[in-house]
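Chain letters run A, B, ... following the sequence lines, proteins first, then strands; residues in each count from 1.
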Protein chains: 2
Amino acid sequence: MAANSQFSMAVHVLAMLAKSGEERIKSESVAGSVNTNAVVIRRLLGQLNQANLVISQTGSSGGTRLARCPKEITLAEIYKAVSCGEVFALHGKSPNQDCPVGKNIEAVLCNLQKEIDKTVGEKLSQYTLQSVLEVIEQGRV
Amino acid sequence: MAANSQFSMAVHVLAMLAKSGEERIKSESVAGSVNTNAVVIRRLLGQLNQANLVISQTGSSGGTRLARCPKEITLAEIYKAVSCGEVFALHGKSPNQDCPVGKNIEAVLCNLQKEIDKTVGEKLSQYTLQSVLEVIEQGRV
DNA sequence: ACATCTGTAACTAAACTTGTTACAGTTATG
DNA sequence: CATAACTGTAACAAGTTTAGTTACAGATGT
């Protein structure tokens, strides 16, 4: 279980909130659908809250709802809110700077990394939470 | 050190092999440039070998060289050869099938995953090992 | 025969994600 | 105002992954 599934979980959670409209949903309910612990959900909601995607209320009859209309939330925003960010990682240790390849490879890979991340972001921004919800409610993909 | 940097390492390694042309390179030499252990390099070369990107020779004066011309090796092939594959992971546990969202979200995310992976592959196939080598040798990015 | 490589198994250490318990702080309600 | 019902968050355990290491079998040139 070491693969990062936060984006998947985030889309799931936000789809539920989108479906519920103005109504506030409890972390326990969401956890039931995602099939995990409520604290895991609250941790995730914390990140989504920081990204201004949801609004939570504490106290009795508290819960969480979307901060914006599902039509205005793109998957790119969700990805950005929860991801560690990079499709692939650069070297852990720095390459040997005395080697002509080692000396320049980092800059090349860093630029490539940015470009790939940008490409992923652009693709994800083609989808909104609304579009995801529509597919889910139609039951066909 | 848990972020997957195999793609970065693979590009580095293959760039070195590309620069050396027909000459066979020892894993020890490559390890010196990447700044890691020779066994790590040999493990990586094993994957690149399975993908028909390199050819290794055992025994004294053995080593590894590219299996093809750098112009014919795209970064997409390299990515495919070493990556675990996915930009984001699906849920670890299955969502609650009794929930209308939980029931359908997996299929939606799975399709999305495939599409993102395809997008990354297409972007990476725009670059060849040759093009990477040219940037490295010019020293500017 | 021997030195020099690759290939690979086995083990360790570090990092990360998830799950879980525990508890402080907030809010609605009788 | 007391209590029940929430969220927010810290702290810790467990499982997984990656990288680094050591060790050694097998291949090959001299």
Grab the [atom1]-[atom2] distance between [X] and [N] for me, whole Å please.
X	N	atom1	atom2	value
B:R24	C:dT4	CZ	C1'	13 Å
A:F7	C:dC16	CZ	P	22 Å
B:N37	D:dA23	CG	C1'	12 Å
B:N4	D:dT16	CG	C1'	13 Å
A:H91	D:dA19	NE2	C1'	13 Å
A:N35	C:dG19	CG	C1'	12 Å
B:K26	C:dT6	NZ	P	8 Å

- prompt: Do A:R65 and D:dT7 have a side chain to base donor-acceptor pair shorter than 3.5 Å?
  reply: no
field: Closest to side chain of B:R43, choosing from D:dG26, C:dT26, D:dA19
entry: D:dA19
task: Side chain of A:V40 only, please: which of D:dG20, D:dT28, C:dT18 is the nearest?
output: C:dT18
message: For B:Y127 and A:E115, which I'm curious about, is there any donor-acceptor pair between the side chains at under 3.5 Å?
response: yes
task: Find which nucleotide of DNA chain C each of A:A38 and B:T64 is nearest to by heavy atoms, and output the residue with the more 5' nucleotide.
output: B:T64
- request: Determine, for A:E77 against A:R68, whether the closest basic-nitrogen to carboxylate-oxygen distance falls under 4.0 angstrom.
  value: yes
- prompt: Take atom CD in B:E72; do more than 12 heavy atoms of anything else shown fall under 6.0 Å from it?
  reply: yes
task: Under 4.0 Å between any heavy atoms, over every strand shown, what does B:T36 touch: base, sugar-phosphate, or nothing? Just pick one.
output: sugar-phosphate
message: Does B:Q57 reach a base, just sugar-phosphate, or nothing at all? Heavy atoms under 4.0 Å.
response: sugar-phosphate
Ring geometry between B:F7 and A:F88 (parallel below 30°, tilted from 30 to 60°, perpendicular above 60°): perpendicular
Toward the 5' end of DNA chain D, by each residue's nearest nucleotide, B:M9 or B:R42: B:M9
